[in-house]
Number of protein chains: 4
Amino acid sequence: MSSTWGKNLKISIFGESHGQAIGVTIDGLQPNFPLDMAEIAKYMAKRKPGGDLATPRKEDDLPQILSGVFNGKTTGAPLCAVIYNNNTKSGDYDNVSHQARPGHADYTAYVKYQGANDYRGGGHFSGRLTACLVFAGAVCSQVLKSQGIEVFGHVSSIGGVIDKPFGMQVDEQTKAKLDCAFPVIDDDVCQQMKQVVAHAREQGDSVGGTVECMITGLPAGVGSPMFDGVENKIASIVFGIPAVKGIEFGLGFESAKLLGSQNNDEFFVDEDEVKTKTNNCGGILGGITNGMPVTFKVAFKPTPSIAKIQNTIDFKTNQNTTIQVKGRHDPCIVMRATPVVTAVASIAVLDLLYEI
Amino acid sequence: MSSTWGKNLKISIFGESHGQAIGVTIDGLQPNFPLDMAEIAKYMAKRKPGGDLATPRKEDDLPQILSGVFNGKTTGAPLCAVIYNNNTKSGDYDNVSHQARPGHADYTAYVKYQGANDYRGGGHFSGRLTACLVFAGAVCSQVLKSQGIEVFGHVSSIGGVIDKPFGMQVDEQTKAKLDCAFPVIDDDVCQQMKQVVAHAREQGDSVGGTVECMITGLPAGVGSPMFDGVENKIASIVFGIPAVKGIEFGLGFESAKLLGSQNNDEFFVDEDEVKTKTNNCGGILGGITNGMPVTFKVAFKPTPSIAKIQNTIDFKTNQNTTIQVKGRHDPCIVMRATPVVTAVASIAVLDLLYEI
Amino acid sequence: MSSTWGKNLKISIFGESHGQAIGVTIDGLQPNFPLDMAEIAKYMAKRKPGGDLATPRKEDDLPQILSGVFNGKTTGAPLCAVIYNNNTKSGDYDNVSHQARPGHADYTAYVKYQGANDYRGGGHFSGRLTACLVFAGAVCSQVLKSQGIEVFGHVSSIGGVIDKPFGMQVDEQTKAKLDCAFPVIDDDVCQQMKQVVAHAREQGDSVGGTVECMITGLPAGVGSPMFDGVENKIASIVFGIPAVKGIEFGLGFESAKLLGSQNNDEFFVDEDEVKTKTNNCGGILGGITNGMPVTFKVAFKPTPSIAKIQNTIDFKTNQNTTIQVKGRHDPCIVMRATPVVTAVASIAVLDLLYEI
Amino acid sequence: MSSTWGKNLKISIFGESHGQAIGVTIDGLQPNFPLDMAEIAKYMAKRKPGGDLATPRKEDDLPQILSGVFNGKTTGAPLCAVIYNNNTKSGDYDNVSHQARPGHADYTAYVKYQGANDYRGGGHFSGRLTACLVFAGAVCSQVLKSQGIEVFGHVSSIGGVIDKPFGMQVDEQTKAKLDCAFPVIDDDVCQQMKQVVAHAREQGDSVGGTVECMITGLPAGVGSPMFDGVENKIASIVFGIPAVKGIEFGLGFESAKLLGSQNNDEFFVDEDEVKTKTNNCGGILGGITNGMPVTFKVAFKPTPSIAKIQNTIDFKTNQNTTIQVKGRHDPCIVMRATPVVTAVASIAVLDLLYEI
C-alpha cells in the first residue's frame, strides 16, 4: 500500500474510518509561513457532512496539529495533523463484513489484505480519509494564495444536470457563489441538482456527477515533460480520491471529437502578456503551463452505498447472496467532493512549484 | 524535467527528435527472461509512420539494445535501447523557431528552458519519443504474456465516428482485427474513420480521437490505495504521451450520469470464480483489481500541426503574427497512438506486479 | 526537509522535542502480522533515558497506535504511532535560543529555516525523535524475526575503550548480554566504559563511541547494485540518526590498510551451504548479501551538549559570545543509540526484502 | 536492481563491462549551461587506466552525447552519454565463469540473477561502470564551479602509507598537485605509495586505501534532516562505487574516541562571516551545511582480483575448488577511484542544491 504522495512536498496519510484517528503528515513545507487556522476550518467545513442531503453522521473533524507549527507559523519540519474518530458507530457494519458491497472495495481489500484489513466503515478506503486531503490542501492553498494562485471548484454536473462551465476566468460574482457547501455557478441548475439528489435519496439510490476545477495565477513554465507534467501530477493524486473514475484537462474528451483548427488555441499578445483566445488545452501544453488558467474536470461515480437490495457474494463462503446496505450514506458525494478536488489540486500545484 | 517513471520497474527516456538518438533505459526487469526481438519489432511497427494516412517521414526505428540482454535473455541489469536519428530533415523547421505553433509546446518550452531547448521537430516533446515507450512496453508485454496477462487496444473513436467497445472480453475474432496498423473492431467503422482522416488531410486539418485499452488476465488484488492504485499508476504514465487530454476507467464520465443502482457491478460466483455481471468499474475497486478485465479510455486531441494559417505570436519579439505549419505531419495520430497506450499500460501493470 | 525514507516500506517521521507530540507512520507493512506490543515496549525501553549515566529527563515514551492495527494484527494500511510530549521543560532553553551551541544544529537550522524552526530542545533535530525510529524498527524486527532474521547491536567502543567484536556469529551467551540498557560483550570492558562515561559527566564533558551491528539469517541475494545495495540502503537511513559521523561495513576502514590476499574472504561449501572462512566484507559483495551475517559499525560523535564554557556566536546579532549549555543531557549517548542503530537496520532490511 | 539515483537531479546508469556499451542519462539538469567538453575529457582521463601501475586494458572511454545538448549548451532535456565497448577481450574470463572469485560479486550475482547476469568482466558490477559516474560528475562539477563550488579529492592512504589531510582549506599549491592521475598532497608520501603499489603488483597481490574529499564554496543551509541530509545523500551514492566499504564525515570514526570539549567546533564571526575554528564535523551539523568546507573520507578495499591461488567454490556444482584470477587488473584502484569519489560528490551536491 502506498498512501504517500509527492516529491518535494510529500504527504503521508494514515487512519481508518472507525479506528483511533485519521491524519496526515505534510513534509517539505517552506518555513515561516503563517497559517490561518480559521480559514483551514472553513475550508474543511465545506467537506463536512450535514444538511438534509447528506449523511447524518456528524463529524467534528477538527484537526489537531501535532508538529510543524510554532508560534503560528510553519517551522519547516513535517506538519502532522490528526483527527480523532469520536462519533463512530461500528454496529451498523457488523453484519455485512463478509458480503461484498457492489461498487465498494470490500472484496478487493479482502483479497489483497488477506482479510486483515479494518473493514469497519470501509477502513482506510473510507471517504472519511479525504478529510486529511482537505486539511493538507487547505494548508497548501494558503501558501499558493500568498503567491497569487487560487484554486476554484464547482459541481459541474449531477446525473444529467449540467452547470455552466468556468469559461476563461472566475469572476467575483462566481467566486462568491462557490463559497458554500453546494457550489454551483447557475442558481437554477443548483435547484435542479438538489431535486435530483433528493429524488435519488427517496428511491434509496444514489447519483454521480462531475467537478470542474480551475487554477488561476500560475505563471507559464510550471511542470515538466514527460512524467512530471501538470496533468500527470494532478491525475496521480486525483485518483487517490475514492469514487473518481475519470479526469480530463481543458476540453478533454470533447477535444477528441474536434478538428485541429477547432481545437488549437491561438496565441496573442495583450499588453505584453501572452494569452490564448480560447483555452481548450486547459492551460497546459507539453505538460507545462502556458500562463492561462489550468482547468480540469473529474468524474465521480454514484455512491455505491444504496439501500436497494443487490445481488452479491459472501467472499468468505464464496456463495451467491443478496445485500441491502445499511448505515448512514450520502445519496450524492459530488458537492462534498468539490473541496477535496480543489484540495488535491492545491497539493499538486505546490509540489510542482517546489521544483526548481 | 523528469522523463523517468516507475518504482520497482523504472524507465528513463532520453532524446530529441532531430538530435543524435532517442532511447530508453528499463531498470528493474527480472533476469532470465527470453526476449523475442521479432515480436518487439512487430509491436513497434504498429506505431511506425507509413501508409497514405500518415506522415511521409520514414523511420526505421530499429532499436539497438546496448545492455541488459545476454544470450537472448534479460540479465537483470538495466536494459538500454537506442534508436538513432537518421532521417531527420531539420530545414523544415528553421523558419518557425520563434513562432509558437498553436497547440504545441513551443512557447511553454521556450519559457521553461530559457530558449535552450532543442526546438527542431519538437525536440524532447516530439511524438517520436513515443517509440521509446513502445519499445519498453513491448518488452514488458512479453513478460506479462508469460504470466497470462494481455493488453489490447483499439481506436475507439475518431472525430464523431465511434467503434464498438470491447465489452466484457476480447474474443479471438477481435484479437485478429487488432493486429494491424489501424486497429478497429467494426470494419465499417474503420472505413468511416479512414474517410474522416482523409478528409481532414485534404483540408490541411487534423482530427482527434480516443483509444480504448483492455487488460485481461490480471488476478484480483493488484494495486493499492490511495496513490499506488491501478488508476493512479496508469494515469501518471498515460499523460506522458503527447496530446493526451483525458483518461477514464470503466464507464468513466458516463458513470457520473448514472444512478448507483445502474452503475454498481453485482458480484456472482461462477464455478468458484468471483465475477461481476457488468464491468462498469473497469475492473478496479478501491484502486485494486477485482479480477475482471481492466478497461480505460484515453482522449487524444487533434494533431496541433495543421496546414491552415493560424494567428499566433513570435515569442522572441513578443509580437502578434501568423503561422502556417510546414513539415510532415499526421492528420490523425490516434491509430499510431494505440500501441503507445497499450505499451504504457504494460509498463504500468508490470511495475504494479513487481510490488510485493 | 525530508523526514520520509524508504521505497516499498516507507516511514514518515514527525514531531519536535517540545511540541505536542512526535510520531511515525509506517507505510507498506504486509497485512495479517500479529504485533507483540510487550516486545515493542521492551525494545523501546532500551533507548529510554534513565540510570545514573543518562539524562534525568523522564520519558514515558509509550507510543499510541492510531491506525494500521486491528484485532492485534497489521491491517496493511499505514501504521501511525504517536508519542505525546508530556514531560517537557522548555524554560531551560529559553535563554540560549540565539546562541549557537557548538556541535548542534542551532545555527544551520536557523539559516535553513529562517529562524522559524522550533528550537526548543533541538526541535525536530532532537535525539528524542529517535524514539520514532526505534518504534518503527521494533515493528520491523518482529516481522524479520518471523522469517528467521535477527539484528543485534552492542557498544563496540566508548572513547578509547573497545569491546570484543561480534566475530562470525552471535552465540547464546552474547545474546543474553545484549538484552540490557548497556549492551557490551565483555563485562570488564563494560565496567571500564561506565567509568569513562562517569568521568566525562563529572568533568561536565561528554564522550563519543561506536556501535557494532550484526544481522543474521539473511539469505544470499538480497540488495541490488548500484544504488539499492545493502550498504547504500543502510547508510542512507543510519545518517538519519543524530550524531552519526561514519559507517563502515565488515572490516571497513581497516580493510583499506590490507592486501587483497588478506582481505578477500575465501568461499567454501559446508554441507551444501556456501560460506566464507572470514567475513571481512561484512556479508555483502556487489551490494548483495552473500549469506553470511551482515556487519557494520557506526561512529557517534560525543554529545555536543557539555557544561563547559565554549566560545560561540549569537547568530541573531552576528557577534562573538560564550555559551554554557544548561539542561538535562547525556554524557554519552552510545548505549542509548545502540537500539536506534539496530532499529534502523531492521527498517532498511525489511524494505530490501519487500523488493521482488 | 536499481542503477538510478537522485531526486531532482537523477542519473540512470546502464551497461555491462563487455556488452555493447555503458552509459548514463542525467535527468534534471538546468537548461542553458555551456558544457566544456575538453574539461570533461580531462576529468575522465584521471580515471582512465594507464601508466605502469594500472591495468594495461586501454579504454578510450570517449563518451558520445546522444541527447540533452544543443549548440553546446544543456537543453534541459535528459542528457544521455554512451561509451561504446571496443577493446573487450572476453576470452580471459571464459574459464572462470562458475568459479566465485573471492571478494567479487560473482556468487551473489549468480544467486540474485539466477545465472542470467552478464558475467564477462564483472558485467554491470565492473569498475568500468564508474566511467559513467565520472562523466556525470564532470558535468555536475562544471555547474557547481559556475556557482563557486569546487570538489577536491586526493589519495589519503594506500595500505599503511598516509597522506597529509586537506585541513581547513585547499590552497593553490595543493590544487596544482591534485591535477594528475595520482593525486597526493605530500610528494614523499606519493613516492612511498607508488612503492607499496608496485610491491603488491610484483607479489600478484593488491592493496586498499582511502580517498579524502573536500567540497568548498557551499553556503550554509544546504541539506535537510533527517534523511535528505548531506551525509545521507553523499553516502547513498558513494556506496554505489564498487569496493567502497566505509565513509566518514569530518573526523568520523576518530571523533568517536574524543570528548565533546575536544570534538565540538567553536563558532566565531570573522568579518561578518560565520566560521568555526576547527572543522571536526566536516562542515555538516544536523545534516545541513554550516558554511565550512564539507569533508569526508571513503575506504576502498583492496582490489579483489589477485594472481595468487585462492580457495573458493564452483557455484554451479557447489563443490570446493581453487581459483587463480587471470586477466588485466589494477593492483590498486584508489588513485583511479579518486575522480570517481569527487564525481559522485558533485552529483550529490548538485541534487541537494536543486532542492528549494
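Labels below follow one simple rule: chain letters A, B, ... track the order of the sequence lines, proteins then strands, and each chain is numbered from 1.
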Point to revise | Candidates C:Val349, C:Asp228, C:Ile347 - the one meeting side-chain contact (heavy atoms from CB on, under 4.5 Å) with C:Lys233 | key: C:Asp228
Practice item. Can you tell which part of A:Ser12 gets under 4.5 Å to a heavy atom of chain C, answering side chain, backbone, both or neither? Key: side chain
Review point. Chain A heavy atoms under 4.5 Å from C:Ile13: which part of the residue, side chain, backbone, both or neither?
Key: backbone
Review point. When the aromatic ring centroids of A:Phe70 and C:Tyr119 are compared, is their separation below 6.0 Å?
Key: yes
**Study point:** Region of C:Leu79 that comes under 4.5 Å of a non-hydrogen atom in chain A
**Key:** neither
Check your understanding: Is the side chain of C:Thr74 donor-acceptor paired with the backbone N or O of C:Leu29 at a distance under 3.5 Å, no angle test?
Key -> no
Revision key, fill the gap. Most contact-rich option vs chain A, by heavy-atom pairs under 4.5 angstrom, among C:Ala116, C:Gly115, C:Gly68, is C:Ala116
**Study point:** Main-chain N/O of A:Asp118 paired to C:Thr75 side chain as donor or acceptor, under 3.5 Å
**Key:** no
**Study point:** Cationic N near anionic O, under 4.0 Å, C:Arg101 to C:Asp106
**Key:** yes
Check your understanding: For C:Thr25, is it the side chain, the backbone, both or neither that has a heavy atom under 4.5 Å from a heavy atom of chain A?
Key -> side chain
Review point. Quick one: what part of A:Leu9 sits under 4.5 Å from any heavy atom of chain C, side chain, backbone, both or neither?
Key: neither
